[in-house]
Structures are given as structure tokens and as C-alpha cells.
Amino acid sequence: MKVKELSIPIIIPKLQTLLPRIDATHPKIPFMQADLAKLLKGYRGEKAVNYYLDFLPEKENFIIHSLRLPSGNYFFQIDFLILTNRYALILECKNFFGTLYFDEDFNQMIRTANDKEEGFQDPISQAKWHQQQLRSFLKLHNITLPIEFFVVISDPSTIVKTNPRNREAMKKVVHGHSLLEKISEVDSRYQNEMLDSKEVRKLSKLLLKSHTPEDIDVLAKYGLGVVDILTGVRCPGCGRIPMIRQKRTWNCCGCEVKEKNAHVSAVMEYFHLFGASITNKQFREFVHLESDTIAKKMLQAMNLPFSGSNKGRIYYDPMKR
DNA sequence: ACTTTCTACCCTTATAGCTG
DNA sequence: CAGCTATAAGGGTAGAAAGT
């Protein structure tokens with residue numbers, strides 16, 4: 001059972017919102033594009049892994065995607081957590097291409113691709129770290145449950161190599177297509193029921209409640225300020241910014257697209273860029289609208305959650321409430 | 001042709017955020 | 001800290017535009 005479904009990491013739509021709204025010559029653009037490409041690749045990998053998880057028996061497995069839990073003053077994020085009444089299984093998804101070499105002597109992973117060698121933090125020790133943190137989380141809530149983990153390589157063409165002495169890597173690093181087989185191996189190894197079905201459900205609820213989604217300020221991340229952002233409504237047809245409002249519709253100066261409600265997505269974009277709230281004035285500035293009354297009517301028509309009255313009115317992102 | 005929706009006004013009220 | 005000011009909402013109206 002999917003307790004928390006696969007969903008796109010919020011940073012992806014945020015970057016997709018940000019990129020078209022900064023000057024094409026901005027020096028940060030290549031970094032953002034590279035980050036976006038990496039994130040999309042990662043998400044595709046998780047999708048691929050998610051596909052296999054659909055084949056697990058519905059009733060016995062509670063699957064949680066992208067779980068971010070507190071650990072002291074910090075957080076740790078697990079790509080997939082599979083919860084059963086006998087054990088918990090962490091899946092650490094990796095989307096590397098090329099040839100991967102797991103070096104247990106230095107806790108390092110070396111990737112060779114396009115005649116280039118690159119070192120990365122060893123995903124096994126990363127997964128172990130998550131295992132340890134989850135262990136203390138469970139301990140904190142007086143729950144005893146063994147925790148297993150796999151490092152899942154989603155790209156089937158990625159070659160995994162290791163020293164034959166490195167039995168751990170051979171056991172723990174798996175390709176997506178052999179994941180189910182590996183899971184059933186683990187499953188048969190754990191026979192003792194640690195929790196009854198009610199307790200498993202309770203634990204999954206506890207985990208979901210403790211899940212704290214990361215709220216990334218994309219502007220801060222790339223050292224951008226309000227001045228770097230191109231404001232205005234974006235044309236849903238050609239992407240051109242800004243659209244001009246005349247005769248009760250938003251008109252694009254590039255293509256001939258007319259869209260009455262183009263400001264709605266602009267508000268969502270505003271939330272992505274500047275945080276989850278907007279005022280009448282911020283809205284007017286962002287969509288290039290003079291009239292506060294029209295702005296008021298538009299914002300009211302969107303039925304956004306709000307706080308305050310009169311001058312103190314603040315509208316909120318419905319996704320965050 | 002008739003109805004609905006939207007814009008551009010109006011005035012009043014509440015209050016956030018200054019200013020001294 | 002009180003008093004002031006600018007701002008945004010509430011609520012209304014007329015007329016234009018759009019929808020049927």
C-alpha cells in the first residue's frame with residue numbers, strides 16, 4: 001500500500017518557474033539548468049523504482065516515498081521506506097550512469113564515464129547513516145523493528161563493480177530490475193512478527209506526521225534577489241512574459257493567445273518564488289495590474305485561504321494549508 | 001435580445017506600519 | 001506609546017463586454 005505516493009520534488013517546479021523569469025544572460029542560469037537536469041534525472045530514477053514497488057503485495061507493505069524526518073536539529077531524507085510488521089527497508093535511489101566502483105577501503109564510490117573518473121560519497125555509507133538515524137527515531141518512540149537497506153541503481157545500463165572482498169556492496173547494491181527479488185530475500189529472512197497490524201499502521205501514521213517537507217527558497221539558493229525576477233503573467237501558449245490585460249483577458253504580444261485566467265498560474269508561480277503568501281499589492285506588482293479593486297476581485301475569485309481583514313489581508317498557497 | 005460577468009468607480013471601515 | 005496615514009477590504013452601483 002502506498003501510504004505516501006511518489007510525487008515530484010517541489011524544487012523541480014520551483015526551478016521551472018524561476019528559469020524563464022530571469023534574464024537569459026544571467027551567469028547563474030547554467031548552474032540552475034544543470035541542477036534541474038540532475039533533479040529530473042533523479043526523479044525519473046525514483047519513478048522507475050516506484051514501478052517495481054507496485055508489484056509488492058498490497059496488504060503487507062506500507063510504502064512511503066520521500067520521507068524527511070527530524071534528527072536532532074537536522075533532518076534526514078529517505079527515498080523510499082517500506083514498512084512491514086517484521087522489518088523496515090530503506091531504499092536509497094541512485095541514478096548514476098557509466099561504471100560504478102564501490103571502494104570499501106575509503107568509503108567512496110568512483111564513477112567512470114566518458115573517459116572521466118569522478119569520486120562520490122559512498123551511497124552505502126549514506127544509506128547506513130539513514131539506517132542509524134531511523135533507528136534512533138524508532139527508539140525515541142519505543143519501537144523495535146529491524147532496519148534493512150538497499151542502494152538501488154535505477155539505470156539498467158549502469159555497470160556496478162567492486163572488489164570481490166567487498167561482500168557488503170555485492171549484497172546491498174541492486175539494480176531496479178532485481179529489486180523485487182532482493183526484497184523477497186529480505187522478506188524470507190525476517191520471520192518474527194515485531195508489530196501487529198495495528199501497530200504498523202500506527203507507525204506509518206507517526207512517520208507521516210513527523211515528515212517535514214523541505215521548503216526551499218530558490219532565490220536564496222542561487223543568490224538571487226527580487227530585482228532579478230522578471231515579473232508579469234506568463235503566456236500559457238508561448239511562455240512569453242508579460243501578458244497584457246485588456247478587454248478582460250490576458251493577451252500575449254508574441255503569439256495571439258488570449259487567456260482569461262492566466263493570472264491564476266502567475267499566483268502559483270509567485271508562491272514558488274517568494275513563499276506561500278501574497279498580498280493585494282504584491283499581486284498587482286507581480287502581474288502588472290493597476291487597479292486594486294480588480295486585483296481584489298481576482299484574488300477573491302481564486303478562493304485562496306486567507307488571514308486578516310481589510311489592510312491586513314494575506315492570501316495563502318492552498319497547497320500549503 | 002436577454003442575462004451574466006467584469007470593470008471602474010464610489011464611500012466606509014479596519015488596521016499595519018510609520019512618525020514623533 | 002498615541003496619533004496619523006496609507007492601504008485594502010466590504011459593499012454598493014452603473015455601464016460595458018461577453019456569453020447564450
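In the text below, chain A, chain B and the rest are named by the order of the sequence lines, each starting its count at 1.
Heavy-atom contacts from other residues, nucleotides or ligands closer than 6.0 Å to CZ of A:Phe120 number more than 12. The environment of CZ in A:Arg167 is sparse: at most 12 heavy-atom neighbours from other residues, nucleotides or ligands sit within 6.0 Å.
Protein atom CE of A:Met298 is 13 Å distant from nucleotide atom C1' of B:dA8, rounded to whole Å. Taking atom NE2 of residue A:His263 and atom P of nucleotide B:dT7, one finds them 9 Å apart after rounding to whole Å. Put simply, CE on A:Met302 is 14 Å from P on C:dA9, counting in whole angstrom units. Rounded to whole Å, the distance from NZ on A:Lys297 to C1' on C:dA9 is 11 Å. One atom, NZ of A:Lys296, and another, C1' of B:dT12, lie 11 Å apart when rounded to the nearest Å. Distance CG (A:Asp292) to C1' (B:dC11): 13 Å, rounded to an integer number of Å. Distance A:Gln300 CD to B:dT7 C1': 14 Å, rounded to the nearest Å. Remark: P of B:dA16 and CD of A:Gln282 are 15 Å apart, rounded to the nearest angstrom.
The 5' end of DNA chain C is approached more closely, in terms of each residue's nearest nucleotide, by A:Gly312 than by the other of A:Gly312 and A:Thr293.
The side chain of A:Ile294 has B:dT7 as its nearest neighbour among C:dA8, C:dG11, B:dT7. Distance from the side chain of A:Arg313 is smallest for C:dA9 among the nucleotides B:dC6, B:dT7, C:dA9.
Residues A:Glu46 and A:Ser154 bring no donor and acceptor atom of their side chains to less than 3.5 Å of each other.
For the OP1/OP2 pair of B:dC6 and a distance below 4.0 Å, the side-chain nitrogens and oxygens of A:Arg245 include no atom meeting the criterion. The phosphate of C:dT7 has neither OP1 nor OP2 within less than 4.0 Å of any side-chain N or O from A:Asn280. Contact check, A:Tyr315 against C:dA9: a side-chain N or O comes under 4.0 Å of OP1 or OP2. Residue A:Arg284 places none of its side-chain N or O atoms closer than 4.0 Å to OP1 or OP2 of C:dT7.
Both A:Ile143 and A:Ile90 are assigned to one and the same hydrophobic cluster, defined by single-linkage of ILVMFWY side chains at heavy-atom distances under 4.5 Å.
A cation-pi arrangement is absent between A:Lys128 and A:Phe149, since the terminal nitrogen or guanidinium carbon is not both under 6.0 Å from the aromatic centre and inside a 45° cone about the axis.
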